[in-house]
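Residue numbers start from 1 in every chain, and the chains themselves are labelled A, B, ... in the order their sequence lines are given, proteins ahead of strands.
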Amino acid sequence: MAHFSPEGLTVGKVVETEAYLGRHDPACHSARGPTARNAVMFGPAGFLYVYLIYGMYYCVNVTTDGAEVPAAVLLRALEPVAGVELMGQRRGTSHIRQLCRGPGRLARAMGIDRSLNGTSAVDGPVRFYPPLPGEARPDIVAAPRIGVREAVDWPLRFYIRDNPFVSRR
DNA sequence: TACTCGATTAACT
DNA sequence: GTTAATCGAGTAG
């Protein structure tokens, strides 16, 4: 993923995500119907759903499915690829492994806040790209989602095995 | 209009 | 290991 921001370009490889499945997933914000916050999930796939959590961090999601299935994928960790210096400025650390390790940290490092809620993940300032040509398919582990109280045993967290940038093992 | 608490993190002991 | 920070969406009254 990349963010073309006024401050500069930052790029990271997605190494950890969580799925939120929509109305029938009790941990999903859309489970109790549309609200002002989750409105983007009730639209088409491929748009950013950004919300404030714990009053101080942003979580970045990409909507999936169509308007009939209000689902999204949460980005939990990135491997920094470009713009590392800018990420460090935004995060106040130079330790590369800590820059994008966790949903709140990656949003901060990438300069993503609620002003980007509802923007396109294809055309917008924040964009997602397919794997590089010839890149080997990673070994992906499925595990329970972190920080949710509902549906604790649904294995909807996915991360690249042994990747040092994932938030937890 | 008021109250509760979260898809977290950093800074403590 | 524990807890404070910090705020607005969601819900109840």
Side-chain angles (χ1 to χ4, degrees), chain A residues 1 3 10 12-65 67 69-80 83-119 121 124 126 128 140-161 163-169:
Chain A
M1 68 177 291
H3 182 195
T10 48
K13 172 181 167 178
V14 178
V15 299
E16 178 182 352
T17 64
E18 281 176 4
Y20 288 85
L21 300 184
R23 285 190 171 279
H24 302 290
D25 175 357
C28 186
H29 288 171
S30 63
R32 296 190 176 181
T35 65
R37 178 175 65 163
N38 67 26
V40 180
M41 277 198 284
F42 287 82
F47 289 82
L48 263 58
Y49 169 42
V50 183
Y51 67 91
L52 183 68
I53 188 68
Y54 296 109
M56 62 189 84
Y57 298 104
Y58 292 101
C59 287
V60 185
N61 301 248
V62 180
T63 61
T64 60
D65 298 273
V69 180
V73 170
L74 169 71
L75 304 172
R76 284 198 56 94
L78 304 176
E79 179 174 330
V84 173
E85 190 176 331
L86 177 54
M87 289 183 185
Q89 277 175 233
R90 287 167 170 158
R91 287 271 296 106
T93 178
S94 59
H95 191 184
I96 190 166
R97 278 175 53 147
Q98 304 298 337
L99 288 178
C100 301
R101 193 176 197 215
R105 290 166 171 169
L106 83 82
R108 177 71 58 88
M110 294 293 287
I112 296 173
D113 63 20
R114 253 203 350 249
S115 68
L116 292 165
N117 186 48
T119 61
V126 176
F128 291 78
I140 295 174
V141 182
R145 294 176 291 190
I146 292 174
V148 300
R149 307 175 60 118
E150 311 277 2
V152 176
D153 44 351
W154 294 13
L156 293 176
R157 172 176 175 243
F158 303 97
Y159 62 93
I160 299 178
R161 186 188 302 278
N163 185 291
F165 297 92
V166 305
S167 65
R168 284 167 53 173
R169 307 288 169 122

| Counting only side-chain N and O atoms of A/R76, is one of them less than 4.0 Å from OP1 or OP2 of B/dT8? | yes

| Closest to the A/C59 side chain: C/dG8, B/dA10, B/dA7? | B/dA7

| message | Tell me whether the NZ or CZ atom of A/R145 lies within the 45° cone about the ring axis of A/Y20 and under 6.0 Å from its centre. | response | yes

| Does A/Y20 lie flat on the base of B/dA7, that is, centres under 5.5 Å apart and planes under 30° off? | yes

| field | Side chain of A/A36 - closest among B/dG6, C/dG10, C/dT6 | value | C/dG10

| field | A/R32 CZ - C/dA12 C1' separation (whole Å) | value | 13 Å

| query | Say you pick atom P in C/dG1 and the same atom in B/dA7; how far apart are they, in whole Å? | reply | 23 Å

| request: Identify which nucleotide among B/dA7, C/dG8, C/dG10 has an atom closest to any side-chain atom of A/R37, counting heavy atoms from C-beta outward. | output: C/dG10

| task | Considering just the side-chain nitrogens and oxygens of A/T35, establish if one lies under 4.0 Å of OP1 or OP2 belonging to C/dA9. | result | no

| field | Heavy-atom donor-acceptor pair, A/Y54 side-chain to C/dA5 base, under 3.5 Å | value | no

| Under the 3.5 angstrom rule, does the side chain of A/E16 hit a backbone N or O of A/F158 as a donor-acceptor pair? | no

| field | Short side-chain N/O contact from A/R149 to OP1 or OP2 of B/dA7, under 4.0 Å | value | no

| request: Please state whether the phosphate of B/dT8, meaning OP1 or OP2, lies under 4.0 angstrom from any side-chain nitrogen or oxygen of A/R108. | output: no

| request: May I ask you to verify if any side-chain N or O of A/R105 is less than 4.0 angstrom from the OP1 or OP2 atom of B/dA10? | output: yes

